[in-house]
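Remember, it's a predicted structure, so these values are computed and weren't measured experimentally.
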Amino acid sequence: MEYFYHLVPDPFVGKDLIPLNEMDRESKLYKSHSRKYIGRESLTEQTIPLLNCKWNDVIQFSSVHPQLIIDKLREIQPDFKLYRTKCFKVSVLEVEGKYEGVIFDRNKTQKKGDFSIHADDIRPLNSTQYKELTHLPKETIAFWNRVKEEGGKYLWFPYIPHIFLKGIVDTTHFEVIDLY
């Protein structure tokens with residue numbers, strides 16, 4: 001079985017994951033989640049091929065188990081602090097046919113600061129196309145090592161393929177796992 005992952009928001013109220021564009025822009029929730037894009041605001045305006053919607057119209061999932069990310073970040077940055085300790089573990093079979101979804105795998109040679117999304121970066125999400133990653137891409141590790149040496153922000157998911165599900169996502173039947 002192939003899975004993808006989404007950190008459980010803290011706090012998480014209700015059962016739905018809501019895209020930024022569906023949130024009240026004056027709400028505390030929107031302001032909290034939109035902070036992730038400071039310095040990368042142009043990313044939020046990118047249109048996602050196949051889904052024909054903006055970056056902020058989807059819920060984003062990781063193709064790598066977050067514990068792999070946490071373990072490597074602790075290796076690189078010994079004072080790494082984990083604030084969210086729960087994660088949704090979602091089977092691709094569980095969402096196939098229920099949501100419009102794509103696999104986003106950005107061209108790894110794309111220049112820093114270029115947030116454009118190209119048709120070649122996108123594939124339809126289905127159980128025949130999707131394979132969960134069992135290791136971190138070397139580009140991800142190199143990115144974190146550069147941040148350690150040069151400074152900057154330790155983004156959790158650089159160069160890791162994302163899964164995008166369009167619209168509000170009901171988590172009622174998603175498995176919740178613990179991270180440590």
Side-chain angles (χ1 to χ4, degrees), residues 1-23 27-41 43-44 55-92 94-95 99 101 103-106 108 112-113 115 125 130-165 168-180:
M1 183 102 40
E2 303 293 331
Y3 296 96
F4 49 87
Y5 306 88
H6 184 87
L7 295 172
V8 175
D10 183 27
F12 184 61
V13 179
K15 62 180 180 51
D16 295 329
L17 293 172
I18 303 168
L20 275 173
N21 282 347
E22 297 282 332
M23 294 179 188
S27 72
K28 190 175 172 181
L29 185 64
Y30 176 86
K31 290 175 182 175
S32 168
H33 287 286
S34 64
R35 278 192 298 240
K36 295 180 253 186
Y37 300 106
I38 293 173
R40 306 181 298 150
E41 291 85 357
L43 176 60
T44 66
W55 180 272
N56 283 353
D57 292 324
V58 300
I59 302 297
Q60 302 160 24
F61 297 80
S62 169
S63 61
V64 173
H65 193 298
Q67 195 63 55
L68 293 173
I69 295 168
I70 293 164
D71 293 346
K72 190 62 172 179
L73 281 170
R74 283 185 174 138
E75 227 178 87
I76 293 170
Q77 182 190 16
D79 63 344
F80 174 80
K81 302 264 189 282
L82 182 63
Y83 294 102
R84 293 196 274 169
T85 60
K86 302 263 183 221
C87 180
F88 292 114
K89 179 180 178 183
V90 184
S91 162
V92 69
E94 191 170 354
V95 300
Y99 295 97
I103 303 163
F104 171 58
D105 192 2
R106 183 182 299 280
K108 292 177 179 47
K112 182 179 178 180
F115 299 114
L125 175 66
Y130 177 69
K131 298 291 178 228
E132 178 181 350
L133 289 187
T134 57
H135 64 282
L136 291 166
K138 66 182 188 296
E139 296 86 355
T140 302
I141 297 167
F143 175 88
W144 291 332
N145 282 321
R146 274 194 310 279
V147 169
K148 180 179 182 174
E149 293 188 18
E150 300 170 10
K153 186 175 180 182
Y154 284 95
L155 302 173
W156 271 54
F157 307 103
Y159 304 104
I160 294 173
H162 288 49
I163 307 311
F164 294 156
L165 297 182
I168 295 172
V169 176
D170 180 352
T171 67
T172 303
H173 301 291
F174 292 173
E175 181 180 353
V176 176
I177 59 173
D178 291 314
L179 304 170
Y180 52 90

K86 meets the side chain to side chain donor-acceptor pair (under 3.5 Å) criterion, sequence neighbours left out, with D178

Rounded to the nearest 0.5 Å, how far does CG of L179 lie from SG of C87? 5.0 Å

Sequence neighbours excluded, every pair satisfying side chain to side chain donor-acceptor pair (under 3.5 Å) that has a member inside residues 137-160: none

Atom pair CG (D105) and OG (S63), whose distance is rounded to the nearest 0.5 Å: 7.5 Å

Minimum heavy-atom distance between S62 and Y130, given as atom pair plus value: O-OH, 4.4 Å

At what distance, to the nearest 0.5 angstrom, does CG of L165 lie from CG of D57? 13.0 Å

Roughly how far, to the nearest 0.5 Å, is CG of D71 from CZ of F80? 9.5 Å

Is the side chain of S27 donor-acceptor paired with the backbone N or O of Y30 at a distance under 3.5 Å, no angle test? yes

Intermediate values then yes/no, side chain to side chain contact (heavy atoms under 4.5 Å, CB included), V95 and V169: CA-CA 9 Å; V95 300; V169 176; 5.8 Å; no

Do H6 side-chain atoms and Q60 backbone N/O form a donor-acceptor pair below 3.5 Å? yes

H173 (side chain) donor-acceptor with T171 (main chain) under 3.5 angstrom: no

Where do R74 and L82 land on the side chain to side chain contact (heavy atoms under 4.5 Å, CB included) test, with the steps shown first? CA-CA 9 Å; R74 283 185 174 138; L82 182 63; 3.8 Å; yes

Shortest non-hydrogen contact from T134 to L68? O-CD1, 3.6 Å

Got L155 and R40 here, is their nearest side-chain heavy-atom distance under 4.5 Å? yes

Can any side-chain N or O of E41 pair as donor or acceptor with the backbone N or O of G39 at less than 3.5 Å? yes

Starting at CG of L20, measure out to CD1 of I59 and round the result to the nearest 0.5 Å. 8.0 Å

For K36 and T44, what are the C-alpha separation, side-chain angles and deciding distance, and is it a side chain to side chain contact (heavy atoms under 4.5 Å, CB included)? CA-CA 10 Å; K36 295 180 253 186; T44 66; over 6 Å; no

Could you list all the salt bridge (charged side-chain N to carboxylate O under 4.0 Å, His left out) pairs where at least one residue sits in residues 1-15, not counting sequence neighbours? K15-D170

Which atom pair, heavy atoms only, marks the closest approach of Y3 to E132? N-OE1, 3.1 Å

Do Q67 and I177 come close enough that some side-chain heavy atom pair is under 4.5 Å? no

ring-ring contact (aromatic ring centres under 6.0 Å, His included) partner of F4, the single match among F88, F174, F61, F164: F61

For a 4.5 angstrom cut-off between non-hydrogen side-chain atoms, does Y99 reach L125? no

For L29 and V13: C-alpha separation, side-chain torsions, deciding distance, then whether side chain to side chain contact (heavy atoms under 4.5 Å, CB included) applies. CA-CA 11 Å; L29 185 64; V13 179; over 6 Å; no

Measuring from K131:NZ to L133:CG, what's the distance to the nearest 0.5 Å? 12.0 Å

Do I103 and I163 come close enough that some side-chain heavy atom pair is under 4.5 Å? yes

Strictly under 6.0 Å, is that where the ring centroids of F115 and Y37 end up? no

